[in-house]
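Data block below; observations after.
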Amino acid sequence: MNAQDAPHILVIDDDPAFNRVLTRALGHRGYTVYGAADPESALTLAREHEPEYVVLDLNIAGSSGLRLIEPLLEANPDSRILVLTGYASIATTVDAIKLGATQYLAKPADVDAILRALNATEVVISDEEVPTNPMSVDRLEWEHIQRVLAEHDGNISATARALKMHRRTLQRKLAKRPVKE
């Protein structure tokens, strides 16, 4: 396969080291890869190159990556979008899939896992990821906060008002992620 025929992948992540490493690793696997660290350059690259695949970080410079799904699909409706996040939540997984993402994967994820997810025909949840015990109270609170935050497009002040809590209290809770169960 020559470089012209190689599938295009757009990596959107504001962590320059992660973006560079993932872009390079995917390039070594035979893909034509473009990296973007902000929404504006991501959308410009998407319109110019119409990538078949997009790896999208959930949090880009403090803003929700979910906001990019619709314009990315406008650039290429056949694009397969994988949302990557440092800490997965049920609420954001559901929102990402509803908006048109084809997969959702928690970091850290290696290149093989990313490629498997991009090429999977259905959203894959392995048996190891399905919890057998009920969620802890901390985890339930985290999930609820994530749902309300998503409903308010990542706006901390609006989310705090909806949850009837002080904005700083909400920020402390968001910074203190519950332990994985």
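Values below: every heavy atom of this structure, side chains too, minus hydrogens, waters and symmetry copies. All residue numbers in this chain count up from 1 along the given sequence. This one's a predicted model, so the numbers in the text were calculated from it and none came from an experiment.
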> Does the pair Lys98 and Ile69 meet the rule for a side chain to side chain contact (heavy atoms under 4.5 Å, CB included), with working shown?
Replying inline: CA-CA 10 Å; Lys98 280 183 179 177; Ile69 293 174; over 6 Å; no

> With a 4.5 Å limit on heavy-atom distance, are the side chains of Asn76 and Val54 in contact?
Replying inline: no

>> Checking the side chain of Asp57 only, and the main-chain atoms of Ile60 only, is there a donor and an acceptor separated by less than 3.5 Å?
In response: no

> Backbone N or O of Arg168 within a donor-acceptor pair of the His166 side chain at under 3.5 Å?
Replying inline: yes

> Do Ile156 and Gln171 touch side chain to side chain, with heavy atoms closer than 4.5 Å?
Replying inline: yes

> Given side chains that start at C-beta, do those of Leu149 and Leu174 come closer than 4.5 Å, heavy atoms only?
Replying inline: yes

>> Using side-chain heavy atoms (C-beta onward) and a distance below 4.5 Å, is Tyr31 in contact with Leu118?
In response: no

> Does the side chain of Tyr53 come within less than 4.5 Å of Leu115's, by heavy atoms?
Replying inline: no

> Under 4.5 Å between any side-chain heavy atoms of Leu58 and Leu66, yes or no?
Replying inline: yes

> At their closest point, which heavy atom of Ala75 faces which heavy atom of Glu50, and how far apart are they?
Replying inline: O-CG, 3.5 Å

> Rounded to the nearest 0.5 Å, how far does CG of Leu56 lie from CD of Gln103?
Replying inline: 13.5 Å

>> If you define the side chain from C-beta out and look only at heavy atoms, does anything of Ile12 sit under 4.5 Å from Leu72?
In response: yes

> Closest heavy-atom contact between Ala106 and Ala109?
Replying inline: O-CB, 3.8 Å

> What is the distance from atom CD of Glu40 to atom CG of Leu68, rounded to the nearest 0.5 Å?
Replying inline: 8.5 Å

> Roughly how far, to the nearest 0.5 Å, is CE of Met165 from CD1 of Ile145?
Replying inline: 5.0 Å

> What distance separates Arg116 CZ from Leu82 CG, expressed to the nearest 0.5 Å?
Replying inline: 12.0 Å

> Do you know which two heavy atoms are closest between Ala6 and Gly30, and how far apart they sit?
Replying inline: CB-O, 3.1 Å

> What's the verdict on side chain to side chain contact (heavy atoms under 4.5 Å, CB included) for Leu84 and Ile114, showing C-alpha distance, side-chain angles and the deciding distance?
Replying inline: CA-CA 9 Å; Leu84 275 182; Ile114 290 170; 4.1 Å; yes

> Which pair of non-hydrogen atoms, one from Leu105 and one from Ala117, has the smallest distance, and what is that distance?
Replying inline: CD2-CB, 4.3 Å

> Thr102 side chain to Ile81 main-chain N or O, any donor-acceptor pair under 3.5 Å?
Replying inline: yes

>> Test your reading of the model: is there a side-chain donor-acceptor pair from Asn19 to the backbone of Ala36, 3.5 Å cut-off?
In response: yes

> Is the shortest heavy-atom distance from the side chain of Asp13 to the side chain of Leu22 under 4.5 Å?
Replying inline: no

> What is the minimum heavy-atom distance between Pro71 and Arg67, and which atoms define it?
Replying inline: CD-O, 3.4 Å

>> Tell me the closest heavy-atom pair linking Ala101 and Val83, and the distance in Å.
In response: CB-CG2, 3.8 Å

> Who are the side-chain contact (heavy atoms from CB on, under 4.5 Å) partners of Val21, not counting sequence neighbours?
Replying inline: none

>> I need the Glu52 CD to Thr32 OG1 distance, nearest 0.5 Å.
In response: 8.5 Å

> Can you tell me how far CG of Leu10 sits from CG of Leu45, rounded to the nearest 0.5 angstrom?
Replying inline: 6.0 Å

